[in-house]
Each structure stands twice: as C-alpha cells, then as structure tokens.
Amino acid sequence: MTDSRQAELIALGERVLLRNYGRSPVVLTHGEGTRVYDADGKAYVDFVGGIAVDVLGHGHPALVRAVQAQAASLIHVSNLYWIEPQIRLADLLVRHSFADRAFFCNSGAEANEAAIKLARRFAYTAGRPERCHVVSAVGGFHGRTLGALAATGQPKYHEGFGPLPEGFRHVPFGDVSALEAAVDDRVCAVLLEPIQAEGGVHVPPDGYLSAARRLCDERGALLIFDEIQTGMGRTGRLWAHEHWGVAPDVMTLAKGLAGGVPIGAMLVTERVAGALGPGSHGTTFGGNPLATAAGVAVLRTLLDEGVVERAAAVGRHFLEALRGLAARRPRAVRDVRGKGLLIGLELAEGLAAADIVKRAMADGFLVASAGPQVVRFVPPLVIAQEDVDRLVAALDRYLGDRA
Ligand code: PLP
C-alpha cells in the first residue's frame, strides 16, 4: 500500500472504527450513474449498488433534486404531526401494491421487527395470545436486531448472541410439506423472502409461495413477504411476489426504497392494520421528511421512466450471458440463478467468491458475494447492457484457469 490519501484514511479507519465489517481496501468517495470512484481516482463499474440499494445509480438528478429541496425546507419533525412526503410516499406505495396502509421506519431489520410485532399483536387482539410463533426459512436473512436475527435461518449469525427471543421455527426453503408440518395453531405468521438473496440467491419452485398463501389462509396465520432486497423493481417486477401472483398480508421494504437514504417500511392490508393502534409501535426517525421525499422521487422515477421493465430486459440478457459462461466453463461454475437484476453465480468446489470479488475489483468492477461460493450481482437498475457484457467477459477470463 502506498502512502496515498486512501491508504491514510484506511489506516485511520482501522484505528477508530469497530472491526465488525470485512472491508475491501478502498475508500469510495463519489459516484456518477453506474460508476463509483475511490479516493485515488480509480473508477469502478458498480455491480453492487450499495447491496441492492442504489436502484437509480449514483447522483440521479431526480433523487438529488428531491433531497436538496427537502433538506432546504424541512429535514425532520416528528410523528406527533402529519408529514407531507410521508403521506405522499404511502399513497404511492398503496396505489402500486396489494396494501392499504404503510408504516415507515429506518432499516430492513426494523421493518421486520414491526412485522413480527404486528403478527403477534394481531393474534393477541383476536384472543389467541398463544399464537406467537413465526415460521421462516433456513438460509433466509431478515436482519441483525434480535427479533429479525431469530427469524434469520442461518446459525452462523446467531452464534454468541443468545438468548434470542423465543417463538421462531425454521423450515427448508421451497419445501411445501415442511411448511405444512410447521404451521400449526401456535403460528401467527410465515415470514419468507420471495427469492432468498443474501443466503445465496435461491428462487423457489413454482407453486411454493401459493402453497404458503393457502396454508396461511387455512390455518389463520399471516403471510409476510420480506421484499427488502427483492422489492423496488430488483427482480424485473416492482415486487418479486408478482412473478407468482401471490399477495401477502404484510410486506417489508428498505434498501432501494429511497435510493440510498436510510428508510424501511411495512405495508399491510386493512384487515391486519388495526392490530397496531395508537401508541403500540413507533420510531423517532421513521418516515421523516428527508427519507420519504427521497422515496417519492425514487418510486416516481421507477414508475414513470420504465426503469423496472428495462431492468427485466437487461437482467434476462445478463442471466443468458452467465448461463452461456456456465456452459463454457462447467468445471468452474456450478449454477446460475436469479431474476431481473438479482443474480447469483455459484462457483464449483475449490473456488472462492472472495477471490472473484478481488480480481474483479482490480479490473475496475465491484461485485459482491452471497456466502463463500456464490458471486452476487445487484447493480443499479439502470446498468447498461454493454457493462454487463464487459463484466461477463472478465468473469470468463477469471474462470478460464479452471476450464
Ligand atoms: N431482509 C433482507 C431480505 C435483507 O436482504 C436485509 C439486508 O441485507 C435485511 C432484511 C436487513 O436489512 P437492514 O440491513 O437494512 O437492517
């Protein structure tokens, strides 16, 4: 490492920040469209997008204008009062989803906490307090706060944090009989990602989500979809559950909702909304003017400028190109999975996603991993097809050594 400004900053960060992240040795200082730049001026094509957050890329004029204008007029008040952009964002969300009402918070984990609390309270207010169990899937990811962590079906994230809250069961993802066996009369909710993202990009078999819907209806449990990573057009539809025509009772959102300004949301139907009445739940920053003004700008741009349809088309091209690569490199690639611009490339035994991440970075591409063996691509939804082709050609080179 040279004695550049970047190296100095990293040395300072090593001294003063908690060491809870494994970080690549760059400081990203600015971005434009689908490019980001480090403190030494090197450019990268961004296939990470802040981990599925920067849906409009960097510095999108509509988002920048909205944030600047809102910052100049009102950054924060309180939910003691009505907030115009919060009302406008809720209105847009309910008009473009199954839901009737929205609650806003600040992150994905918080949105899932709200959903878990709502499901328990819904059963409680129906006179069934024993229905407090939540069923979620092995390999799922729902966040790091204690409730969301208990719902997360990956023991590696639980280690050393016990005791976790009680009342959480995990079943294999995609297995209808396991779900049937788990959803008994003590279960208030089934919580699923329509496509498991962080756990390795797993698309469920057709019929799985509709079976979950039917089971929840038969047995009186709520169906909660965690669309924190899959929502906001990521999979080529505004909401991933639209691919299977299955609507939940509750949906959680965060990540791309405000294009990078921190926000979370829980959308609910009227039938269940009453479970959280005045004073039952809340958060200081939730739905604040700055974050929700950003959300309005993002959602309007997605809807008005055909961004989701474009993402679907580029995503199809990307998947096909990676499948071509897998066919050429069968000893290096085990599988290619995903929908829209949520794509995972599973490497063969003996190859590590971390090595691909490193080589790509040296060549000016940011890509992420999803577990040790899967390279994950979640670029801004405005990524150009030519950039996809350049990345796939580079991946072909990296994997060529194994062919
Ligand atoms: N749920 C899903 C599906 C996620 O992918 C994530 C984050 O990766 C979360 C929840 C947690 O969101 P946050 O990191 O904003 O708390």
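Counting convention: from 1, in listed order, for ligands and their atoms alike.
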Is E227 close enough to touch ligand 1? Criterion: a residue heavy atom under 4.0 Å from a ligand atom. no
Between D226 (side chain) and L192 (backbone), is there a donor-acceptor pair under 3.5 Å? no
By number and element, which atoms of ligand 1 are closer than 4.0 Å to a non-hydrogen atom of [X]?
X: A109; answer: 11 (C), 12 (O), 13 (P), 16 (O)
X: S107; answer: 15 (O), 16 (O)
X: E193; answer: 3 (C)

Within the 4.5 Å heavy-atom criterion, are V392 and L322 side-chain neighbours or not? yes
Evaluate [X] for polar contact with ligand 1, using N/O atom pairs at a separation under 3.5 Å.
X: I228; answer: no
X: A254; answer: no
X: Q229; answer: yes
X: D226; answer: yes

Could you identify the single nearest non-hydrogen protein atom to atom 2 (C) of ligand 1 and state the distance to 0.1 Å? F141 O, 3.3 Å
What is the nearest protein non-hydrogen atom to atom 13 (P) of ligand 1, stated with its residue, atom name and distance? G108 N, 3.5 Å
Apply side-chain contact (heavy atoms from CB on, under 4.5 Å) to D185 and R128, showing your working. CA-CA 9 Å; D185 57 6; R128 301 292 304 275; 4.1 Å; yes
Passing option when Q6 is tested against D40, T29, L28 for side chain to side chain contact (heavy atoms under 4.5 Å, CB included): D40
Select the closest option to atom 8 (O) of ligand 1 among E198, H142, K255, judged by heavy-atom distance. K255
Take R359 and D355 through the salt bridge (Lys or Arg N to Asp or Glu O under 4.0 Å) test and state the conclusion after the steps. CA-CA 6 Å; R359 286 190 70 178; D355 291 336; over 6 Å; no
D184 and its side-chain hydrogen bond (donor to acceptor under 3.5 Å, both in side chains) partner, picked from R169, H133, R219: R169
Going by an N to O cut-off under 4.0 Å, is there a salt bridge joining R95 and D91? yes
Answer yes when K117 and E113 have at least one side-chain N-carboxylate O distance shorter than 4.0 Å, and no when they do not. no
Proximity of N112 to ligand 1 by residue part, where a heavy atom lies under 4.0 Å: side chain
